[in-house]
Amino acid sequence: MKVVIVGGVAGGATAAARIRRLDERAEIVVFERSGYISYANCGLPYYIGGVITDPDELTLQTPEGFFTRFHIEMKVHHEVTAVHPDRKTVSVKNTESGEEFEENYDKLILAPGAKPLKPRLPGVGTDKVFTLRTVEDTFRIKQYIDKNHPKSAVLAGGGFIGLELAENLRELGMDVTIVQRPEQLMRPFDPDMASMIHGEMRKHGVRLMLGHTVEGFREKDKGVEVLLKDEPPLCADMVVLAIGVTPDTCLAREAGLELGIKGSIVVNDKMETSVSDIYAVGDAVQVKHYVTGEDALISLAGPANRQGRIAADNICGGDSHYLGSQGSSVIKVFDITAATTGINEANARKAGVDADKVILSPMSHAGYYPGGRLMTMKVVFEKNTYRLLGAQIIGYGGVDKRIDVLSAAIHAGMSAIQLKDLDLAYAPPYSSAKDPVNMAGFMVENIAAGILKQFHMEDIAGLPRDGSVTLLDVRTEWEYRHGHVEGFVNIPVDELRERLDEIEKEKTVYVICQSGLRSYIACRILNGHGIEAYNFSGGFRFYEAAVQDRSLKESSAPCGMDR
């Protein structure tokens with residue numbers, strides 16, 4: 001059996017190694033148009049920033065090493081220019097020598113990945129405008145920085161690469177501005193959670209221009225003008241386009257394979273395309289979202305590796321199936337960690353799912369053990385069924401641990417209530433006896449039992465201020481004086497029982513505290529005295545972060561002005 005693989009990196013290289021482990025006699029040829037067959041894509045911004053100092057560390061495997069270990073031909077600088085399903089061959093061009101030839105196959109795996117979106121804008125081809133996707137892109141940016149010592153950069157786009165690159169350029173001492181059309185960074189997060197990411201970026205000097213449209217670029221005074229719609233231009237020494245990626249599926253289209261979202265390759269759960277004996281894996285393929293069952297594009301290394309393994313299993317006579325992608329991800333943003341899995345509230349609405357959520361701010365480990373820090377967790381679930389839909393966490397230590405537990409719980413089909421039953425490891429330096437994940441489960445159980453009633457960020461503006469309801473802040477007087485929601489009166493929770501005569505029993509009470517815990521206790525006190533009470537999810541700390549973010553509407557600085 002002869003297997004030809006188009007593309008290395010995550011999906012292609014994984015498939016090649018798996019086929020060899022399953023079939024010692026298979027002939028395997030991998031064509032990779034770049035000079036690198038397997039590299040640390042997610043580490044590229046950290047090389048630019050100097051966190052990773054040795055460029056060889058970016059290369060996970062070399063063609064020579066791969067052949068020595070697996071006896072697989074890894075042909076770099078070889079671009080597959082066409083696929084011919086009728087005669088089961090591919091056309092190949094050696095980009096160094098110019099030689100062209102055809103290679104036959106019994107089975108073909110397409111792993112072309114995705115390419116950076118490069119909009120057709122004036123000036124996009126200037127040598128001071130970069131994209132970041134490959135090792136070659138990384139070296140090009142690093143060499144430019146080392147040679148020219150730029151003092152400022154504009155990044156067009158605020159996804160994973162944009163944020164990681166912004167942090168690394170700031171660590172090099174550069175002034176960094178992120179410009180993008182969407183009004184929030186990191187679309188997998190809901191706006192209220194993204195506000196904390198925005199706050200961390202601004203805290204470290206990254207300027208955010210959200211809701212702005214880039215219309216082109218113009219070289220000027222040894223720098224670049226970034227032209228904006230209805231705004232003065234920005235000036236910078238360099239620009240990086242990080243506005244996303246699109247499936248690189250020209251080969252599949254020309255070969256007549258069925259295509260889906262944004263031209264992605266349609267595959268079944270065995271990674272088979274619409275054409276016999278052709279498989280596809282990685283960022284170029286359309287998948288099913290594990291939570292919603294809808295078609296999706298999810299460009300992450302973990303799914304690509306699993307897909308490569310599944311395609312290899314099936315080529316070698318196995319029966320492996322890809323169950324879908326959850327979009328589990330984590331990112332370092334200066335001092336904080338932000339992580340997500342499943343779907344957020346916004347995507348639940350788009351999918352027609354009636355969703356609810358709990359928001360909590362637990363400590364990363366036992367409060368009495370030094371070094372604990374708050375994290376903010378948002379757990380999204382389906383109303384009535386309590387099916388676990390997704391989670392977002394932002395904090396310091398322990399964020400990755402909790403998101404992985406929640407990801408596993410979603411995959412296992414657990415309900416949000418069942419989170420309370422998970423038996424999770426505990427020691428004071430690592431967690432609490434009631435782990436944050438368990439705490440989320442307790443809260444959802446209280447909602448299901450009618451013990452906890454909530455109101456949310458989107459409800460605050462519509463609360464009556466005419467005295468028909470009671471708006472109650474149960475923090476200390478000091479906390480209240482240093483900031484509160486308009487219309488809320490202050491009775492500290494520890495004084496509430498003695499001051500119940502100040503609460504009119506016939507009125508519904510809406511209660512807020514700093515994190516949601518004291519206000520929950522206040523609600524239970526009020527309920528115990530026959531008063532209907534609702535607890536604000538997330539607390540004043542959460543509310544304040546979102547409101548401050550909304551109020552920061554930064555205008556662009558014209559060229560020549562101090563930023």
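Quick note: residue numbers are just sequence positions, from 1. Both backbone and side-chain heavy atoms feed into the values below; hydrogens, waters and symmetry mates do not.
Taken to the nearest 0.5 Å, the CD atom of Glu24 stands 10.5 Å off from the CZ atom of Phe70. Asp404 CG to Ile393 CD1: the interatomic distance, rounded to the nearest 0.5 Å, is 9.0 Å. Rounding to the nearest 0.5 Å gives a distance of 11.5 Å between CG of Asn344 and CE of Met186. Separating the CD atom in Glu27 from the CG atom in Asn104 is a distance of 7.5 Å, to the nearest 0.5 Å.
A donor-acceptor distance shorter than 3.5 angstrom exists from the side chain of Arg133 to the backbone of Ala114, with no hydrogens or angles considered. Distance alone, capped at 3.5 Å, places no donor-acceptor pair between the Asn148 side chain and the Pro150 backbone. Within the 3.5 Å criterion, the main-chain N or O of Ala391 finds no donor-acceptor partner in the side chain of Thr341.
Side chains of Ile243 and Arg181 form no contact here, defined as non-hydrogen atoms less than 4.5 Å apart.
Side-chain N/O atoms of His84 and Ser91 include a donor and acceptor closer than 3.5 Å.
Listed by first and then second residue, the salt bridge (Lys or Arg N to Asp or Glu O under 4.0 Å) pairs that reach into residues 254-272 are Lys270-Asp319, sequence neighbours excluded.
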### Query
So Asp313 and Ser320, side chain to side chain donor-acceptor pair (under 3.5 Å) or not? Walk me through it.
CA-CA 6 Å; Asp313 286 352; Ser320 291; 2.7 Å; yes

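Between Asp106 and Lys88, none of the side-chain N atoms (NZ, or NE/NH1/NH2) sits under 4.0 Å from a carboxylate O, so this pair counts as no salt bridge.
Remark: His289 engages no residue in a ring pair (Phe, Tyr, Trp, His ring centres under 6.0 Å) (not counting sequence neighbours).
Within 6.0 Å of the NZ atom in Lys332, the count of heavy atoms belonging to other residues, nucleotides or ligands exceeds 12.
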